[in-house]
2 protein chains.
Amino acid sequence: MKLLYHPDQADIHLSTVLDALSDPIRLLIVSELHNVGERACGDINVPVVKSTASHHIRTLRESGIVNVRVQGTQRLVSMRTEDLNIRFPGLLPSILEAFKNSEEKRKLMNPQ
Amino acid sequence: MKLLYHPDQADIHLSTVLDALSDPIRLLIVSELHNVGERACGDINVPVVKSTASHHIRTLRESGIVNVRVQGTQRLVSMRTEDLNIRFPGLLPSILEAFKNSEEKRKLMNPQ
DNA sequence: TTCAAATTTCGATTATAATCGAACAATAAA
DNA sequence: TTTATTGTTCGATTATAATCGAAATTTGAA
């Protein structure tokens, strides 16, 4: 059983979080997790191969944005909403709202 | 007279803004501009050489975060607060507030 | 027209990151 | 114990970015 690194709430840093959320694919993952709650890695709908998705989920986990727990062969991913709201009040809601109507989202959902 | 590119309000994109603000030096610049209003490039207090500062200011300008106007030999830089608040309500205030007590700020102001 | 001040651009270096496919690892089920 | 499922790691490629010092540019002043 592998143990997965998650930073403590106090070790979640602003620039790291902003960097993690500056990637459209990761914004899409965060948006989906926010809407549906917990999801297995493979059930998150993203337009990249699984190894790339794995990399993005790791980035989100190591920056403190998501929690990952192991259940059988699956990894269940969920937002660390509470920790983020305590650490950076208002940040996540404003980003989620902005992403809803963003060109980033449109482009990812309407592949040419 | 050189003309400086500034994106229209509608062309300011979320991921670009988050990426621009994920750099601690640029967070410091934005924080200072927010506090003091307009500033000449050279009067912005940052722990990097002028060519690097120039690069960061350009990144902020091209992402739509700051406005730069020419006055004599100086370039006066200021926040596009209004445009950002319309485009991404609540985003900038939450980032500025988070930066105030951040480790990023502490490290930049307390050089070892 | 020459000089000084403010800032940008250029070239080089170093580092980091997104992406993919293939191989690997862990677990559950047959 | 073999097999299928789920996800990670590895290696390679390609791209982007932060940084600096030196040279160039722009403008105002002497």
Side-chain angles (χ1 to χ4, degrees), chain A residues 1-6 13 15-30 32-33 38-63 65-78 104 107-108 111-112, chain B residues 1-6 13 15-30 32-33 38-63 65-78 104 107-108 111-112:
Chain A
M1 163 92 92
K2 200 96 164 285
L3 77 140
L4 300 170
Y5 169 74
H6 290 85
H13 297 302
S15 54
T16 311
V17 166
L18 295 179
D19 186 55
L21 296 178
S22 69
D23 184 285
I25 299 283
R26 290 193 290 260
L27 279 173
L28 188 64
I29 293 172
V30 163
E32 181 165 342
L33 291 176
E38 205 172 41
R39 263 270 192 271
C41 287
D43 295 342
I44 300 173
N45 204 327
V46 279
V48 288
V49 301
K50 62 177 182 166
S51 62
T52 303
S54 177
H55 155 73
H56 284 305
I57 291 165
R58 185 222 273 240
T59 300
L60 289 170
R61 172 173 54 77
E62 294 183 341
S63 69
I65 294 170
V66 304
N67 187 273
V68 181
R69 67 189 182 93
V70 177
Q71 192 178 68
T73 63
Q74 301 195 127
R75 306 276 174 113
L76 300 178
V77 190
S78 59
E104 286 89 341
K107 278 187 184 166
L108 290 172
Q112 325 299 22
Chain B
M1 163 91 91
K2 200 93 165 284
L3 77 139
L4 301 170
Y5 169 73
H6 290 85
H13 297 302
S15 55
T16 311
V17 166
L18 294 179
D19 186 55
L21 296 179
S22 70
D23 183 285
I25 298 283
R26 289 193 290 262
L27 279 173
L28 188 64
I29 293 172
V30 162
E32 181 165 342
L33 291 176
E38 205 171 40
R39 263 270 192 270
C41 287
D43 296 341
I44 300 173
N45 204 327
V46 280
V48 288
V49 301
K50 60 180 182 164
S51 62
T52 302
S54 177
H55 156 72
H56 285 305
I57 291 164
R58 186 222 273 240
T59 300
L60 289 170
R61 172 173 55 77
E62 293 183 342
S63 69
I65 295 171
V66 304
N67 186 273
V68 181
R69 68 189 181 92
V70 177
Q71 193 179 66
T73 62
Q74 300 193 128
R75 306 276 174 113
L76 299 180
V77 189
S78 60
E104 287 89 340
K107 279 188 186 166
L108 290 173
Q112 323 301 21

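In what follows, chains are A, B, ... by sequence order, proteins preceding strands, each numbered from 1.
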Let me confirm one number: the CD1-CD1 distance from B:Ile65 to B:Ile57, rounded to the nearest 0.5 Å. 12.5 Å
Should A:Leu4 and A:Arg75 count as side-chain neighbours, where that means a heavy-atom distance under 4.5 Å? yes
Can you pull every protein N or O that's under 3.5 Å from an N or O on nucleotides 19-21 of chain D?
unit_1 : atom_1 : unit_2  : atom_2 : d
D:dT19 : OP2    : B:His56 : NE2    : 2.3
D:dC20 : OP2    : B:Val49 : N      : 3.2
D:dC20 : OP2    : B:Thr52 : OG1    : 3.0
D:dG21 : N7     : B:Ser51 : OG     : 3.3
D:dG21 : O6     : B:Ser51 : OG     : 3.0

N or O in side chain of B:Arg58 less than 4.0 angstrom from C:dT9 OP1/OP2: yes
Quick one, A:Ser63 and A:Asp19 - any side-chain contact, counting heavy atoms below 4.5 Å? no
Would you indicate what A:Ala40 reaches in the nucleic acid, counting non-hydrogen atoms under 4.0 angstrom: base, sugar-phosphate, or nothing? sugar-phosphate
Between B:Leu4 (CG) and D:dT26 (C1'), how many Å, whole number? 12 Å
CG/A:Leu60 to CD1/A:Ile25 distance, rounded to the nearest 0.5 angstrom? 11.0 Å
Residues that A:His56 engages under side-chain hydrogen bond (donor to acceptor under 3.5 Å, both in side chains), provided they are two or more places apart: A:Arg26
What integer distance in Å separates A:Leu76:CG from D:dT8:C1'? 16 Å
Interatomic distance, B:Leu60 CG vs D:dA18 C1' [rounded to whole Å]: 14 Å
Atom CG of B:Asp19 to atom P of D:dA15: distance rounded to whole Å? 18 Å
From CZ of A:Arg61 across to P of D:dG7 the rounded distance in Å is 14 Å
Which of D:dG7, C:dA28, C:dT8 is nearest the side chain of A:Lys50? It is D:dG7
Give a yes or no answer on whether the side chain of A:Glu104 reaches the backbone of A:Leu27 with a donor-acceptor pair at less than 3.5 Å. no
Nearest whole angstrom, please: distance from the C1' of D:dT27 to the CG of B:Leu3. 17 Å
Taking for A:Arg75 and for B:Asp43 the nucleotide of DNA chain C with the nearest heavy atom, the one nearer the 5' end belongs to B:Asp43
Residue B:Thr73, side-chain heavy atoms: nucleotide from C:dA5, D:dT9, C:dT9 that is nearest: C:dA5
Value in whole Å for how far the C1' atom of D:dT25 lies from CD of B:Gln74: 16 Å
Whole angstroms only, please: what is the CD-C1' distance between B:Gln71 and C:dT7? 15 Å
Distance-minimising heavy-atom pair for B:Ile44 and B:Arg39: CG1-CB, 3.8 Å
